[in-house]
Amino acid sequence: MEVVKDLINFIRERKRYIFIPLLIVLLLLGILIVLGGGTAIAPFIYTIF
């Protein structure tokens with residue numbers, strides 16, 4: 001969680017709002033990998049990577 005807090009503070013201080021979509025995509029991919037590890041989504045995750 002500390003890394004996420006640091007990244008958010010960096011975006012706020014430096015006004016680098018271009019990183020917000022990147023952060024959202026990374027969070028969504030992380031959630032997809034964690035939740036889809038043992039489900040029917042797993043074959044689709046492997047085709048992405």
Side-chain angles (χ1 to χ4, degrees):
M1 287 304 290
E2 192 69 29
V3 175
V4 175
K5 289 179 186 177
D6 287 340
L7 185 60
I8 291 171
N9 286 335
F10 172 78
I11 290 171
R12 283 184 188 160
E13 289 176 8
R14 307 269 192 231
K15 306 287 191 251
R16 305 286 184 182
Y17 298 115
I18 192 73
F19 291 121
I20 292 174
L22 177 66
L23 182 63
I24 292 171
V25 168
L26 287 175
L27 286 174
L28 289 175
L29 278 175
I31 291 170
L32 181 66
I33 289 171
V34 168
L35 295 179
T39 63
I41 302 172
F44 299 110
I45 294 173
Y46 295 125
T47 58
I48 292 173
F49 299 107

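For clarity, every value in this text was computed on a predicted model and none was experimentally measured. Computed over heavy atoms, backbone and side chain alike; hydrogens, waters and symmetry mates excluded.
V25 pairs with exactly one of L23, L27, L22, L29 by the side-chain contact (heavy atoms from CB on, under 4.5 Å) rule, that one being L29.
Surrounding CD1 of I18 are at most 12 heavy atoms belonging to other residues, nucleotides or ligands under 6.0 Å away.
Rounding to the nearest 0.5 Å gives a distance of 11.0 Å between CZ of R14 and CG of N9.
With hydrophobic clusters built from ILVMFWY side chains whose heavy atoms lie under 4.5 angstrom apart, I11 does not share a cluster with V3.
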